[in-house]
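These notes are about the structure you will find just below.
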Amino acid sequence: MTRLKEHLSHLSHLFLPLSVLVLLIIINLIKGADYFSITMVNGAFYGNIPNILFGASELVILTIGMTLVSAASQGQDISIGEIATITSAVFVLFVLNAGQVTLLTIIAGFLISCVAGLVVGAFNGILVSGFKVQPMVATLILFLGGRSIAFMIDGKLSPILANNISNQIGTVIPGVPIQTPIILTVVFIVIIAVVLKTTNLRLYVESVGINPSAARLNGINPKKIIFLTFLIMGVCAAVAGFIAVNKAGRHDSVNLLKLIMMDAILAVAIGGNSLGGGKFSMSGSIIGAYTIEMLNRTLLRLEVEPEAIKAFKAVFIIILMVIASPVVRVFAGKVLDKAKTIVAGNSLPKTGGLNNAVVSSTDTSGKKEK
Amino acid sequence: MGSLNTTKPKKRLSNSNLLFIIAGIIFILMYGFALISFPDSFMQFQTFFDLFNLNAALIIMTLGLCVVMIVGGIDISIGAVCGLVTMACAMLLQSTMGNIWGALLLSLGIGIAFGLLHGYLIAYLEIQPFIITLSGLFLAQGLLTILHKDPINVTMPAFVSLRDFTIVIPWLGTQNRLGVFIPCEIKPGVIIVVALVVLFAALMKWSRFGRNVYAVGGNNQSARMLGINVKKTIFFSYVICGLTAGIAGFVFIMTTGAGNIGNGSLFEMKAIASNVIGGILLNGGVGNLLGAPIGTLTLLIINELIRAAGVQSNSQAIVSGLLLYLFIVMQSIVMSLRGRRNFRLALPSWLQGKKKAENQG
């Protein structure tokens, strides 16, 4: 029993993202009971849930990187969409210049774009770790200039990726019923999970995020760890850019993954992570990313007018954050305690029982607050 | 007793002032460079005034953002709020009950409403400022598109006369090729800018609120222990930021005379960049308010220089990004050099003395 409780308390940080997810599912089910129905179209699964998994794939991958960056550097990278645009421009350039497109060229192009992601990530990482610039300011540079760099790499307006393999990567491989971006996302999540389980990355990142000086005194080099998270961010952005450009079939350097950093930061926050660094929950962030995609699609499904979608989203986020805020939580705890007291007082004999109950409950609540 | 005070302790330059001086030097260098490379255009006073005339809204916005940044928060909704204000004002002015004073009140009201919302949620419910102001940005953009999707050009006569109203300085100006003297012109928005800069500088320098803002931004906990009402200070800083966004929206429509969805978009990023150039750190507690307008002017001059130099349009963003990079790196190097010189281990005095003796011996 105690072990079960421990396990539950371990999962308590997932309370916020999961409750939001459940709320959205209930809203969707009220709108139409066929929400979960999945049909086969041309040998692939098709329905609301596969659509959400398909649509959120880039966001999930970027959110993974963003979680690490926020946890270690106590700030956010706002240039992720631009990094993804640059790396995918490199990928498209390589593939279009390769002549014959085979699986090998695609893989080579992907690896080269990952290297480009590392280089761009290192640019941000040096600024943040070496020069101690705040992450938001450091990444502001690429946010302002990144799309122009991608445009210059492209050389012309939105080159088109018209070949069979990228088409299959962006949609479905014949014979496999699940869309390829979903598979790639799952593979990426598994790799990250294995890395976090087997290496000390989580411990180091968390200790640097909680207190860099204390981490340094304990033999962890905060500069190296922050630099590493930015490198990982670069790779995440490269993978996301690869998926996005294959999905779209053409490289639009102006609109590719535009303003996605807002959604990624939001996903990190909805996942129950502090944006001020420290402990992080990767599963929470991933669920948060899927929640955001689901929210977007729910608003569309509820036939909210396109002009009003942003306002609705904002109101939803504000309500969510208010419910999750520490002050409201403490208040709710107090109200619960009072309710318990009243229930206990009613069940106990009237003579003096109420006072005892009140005293005991205030004692426990006092302890909890400490 | 008097003999003890003879050695006056050397007053150490505070971080805020150092960064402000750096920002000032950068500004002067940039303007000097502009004067040398493009003497024809930058020698004219009108060019200098035009920086203010055309970007009054941005400068006003940076002032409010500066207060929030010093208190240790951030507000990324200001650009969207500014856009919302312009559209709301344009719709009000175009309607039958249009009135300039009503539009002014409306813009102030929208700004304060957003400020109150942000301030309450961030200060009293302790939610992360980035998320709240991000949803504020979404809310303002959503309301803007709900209000009206197409650009509105205000044709109300009283407003048009206000839009075209300029203050002419007869004794300052240039002669054009034909020898006709053209006096300099200033828009009324510039006067609002100057008044607000003076007001805010005084507020941050001499008022109790301003000192509280620096204390809270420097260290939240110790400010609370000193008896400062931390929540109230944070709350009012966001209200002020919202208010300036509202004023900026009114100044924006006073300059351009039209409500449009694209108005004020990405101004928040420009404002953050200019505040950083002006020496205001995002961590809070450091920064001189006068750095905000100076940083904005530096950013604008960079853009003007790039435009004057005839750089291709898509590499303009890269060049301005590179210059921003240079400034940020320079600031950080200066700060770290300064930190290294004064680096001391936190040892008790008798241990330090011993160490010194060891070093000497």
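The chains referred to below are lettered A, B, ... by the order of the sequence lines, with proteins before strands, and numbering in each begins at 1. Since the model is a prediction, treat every value here as computed from it, not as a measurement.
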Structural part of A:Val322 lying under 4.5 Å from a heavy atom of chain B | both
Toward chain A, the part of B:Leu121 with a non-hydrogen atom under 4.5 Å = side chain
Region of B:Leu281 in contact with chain A, defined by heavy-atom distances below 4.5 Å = both
Evaluate whether atom CZ of B:Phe235 has more than 12 neighbouring non-hydrogen atoms of other residues, nucleotides or ligands under 6.0 angstrom away.
-> yes
For chain B, find which of A:Ala311, A:Gly145, A:Gly130 contributes the most heavy-atom pairs closer than 4.5 angstrom.
-> A:Ala311
d(A:Ile78 CD1, A:Ile141 CD1) to nearest 0.5 Å is 10.0 Å
B:Thr133 and B:His118: CA distance, side-chain angles, deciding distance, side-chain hydrogen bond (donor to acceptor under 3.5 Å, both in side chains) verdict = CA-CA 7 Å; B:Thr133 51; B:His118 294 159; over 6 Å; no
Note: vs chain B, highest number of non-hydrogen pairs under 4.5 angstrom among A:Val315, A:Ile265, A:Leu142 is A:Ile265
So which part of A:Leu144 gets closer than 4.5 Å to some heavy atom of chain B, the side chain, the backbone, both or neither?
-> both
Hey, is A:Asp252 close enough to A:Lys258 for a salt bridge, meaning N to O under 4.0 Å?
-> no
Note, A:Phe316 side chain near A:Val20 side chain (heavy atom, < 4.5 Å) = yes
With a 4.5 angstrom heavy-atom cut-off, which part of B:Leu134 approaches chain A: side chain, backbone, both or neither?
-> side chain
Residue part contacting chain B, namely of A:Met152, when any heavy atom lies under 4.5 Å = side chain
Picking from B:Lys270, B:Gln141, B:Met269, which has the most non-hydrogen pairs under 4.5 angstrom with chain A?
-> B:Met269
Considering all heavy atoms, the nearest B:Val68-B:Asp75 contact | CG1-N, 4.1 Å
Select one option (side chain, backbone, both, neither) describing which atoms of B:Tyr325 are under 4.5 Å from chain A's heavy atoms.
-> both
For B:Gly136 and B:Phe114 the tightest heavy-atom approach is O-CE2, 3.6 Å
Closest heavy-atom contact between A:Ser70 and A:Val268?
-> OG-CG1, 4.2 Å
Side chain, backbone, both or neither: which part of A:Leu127 has an atom under 4.5 Å from a heavy atom of chain B?
-> side chain
Highest number of heavy-atom pairs under 4.5 Å with chain B among A:Ile149, A:Val133, A:Leu275 belongs to A:Leu275
Under 4.5 Å to a heavy atom of chain A? For B:Leu266 that would be side chain
Considering only heavy atoms, which portion of A:Phe331 lies under 4.5 Å from any heavy atom of chain B: side chain, backbone, both, or neither?
-> neither
Are A:Met233 and A:Leu62 close enough, and set up right, to give a side chain to side chain contact (heavy atoms under 4.5 Å, CB included), and what steps lead you there?
-> CA-CA 7 Å; A:Met233 180 81 248; A:Leu62 288 174; 4.2 Å; yes
Nearest-0.5 Å distance that lies between atom CD1 in B:Ile78 and atom CG in B:Leu65 | 4.5 Å
Chain B heavy atoms under 4.5 Å from A:Ile270: which part of the residue, side chain, backbone, both or neither?
-> neither
Using non-hydrogen atoms and a 4.5 Å limit, figure out which bit of B:Ile127 sits close to chain A: side chain, backbone, both or neither.
-> side chain
Which bit of A:Phe151 comes within less than 4.5 Å of chain B, counting heavy atoms only: side chain, backbone, both or neither?
-> side chain
B:Glu126 versus chain A, heavy atoms under 4.5 Å apart: side chain, backbone, both or neither?
-> both
Test side-chain hydrogen bond (donor to acceptor under 3.5 Å, both in side chains) applied to A:Asn273 and A:Thr67, step by step | CA-CA 8 Å; A:Asn273 300 306; A:Thr67 311; 4.8 Å; no
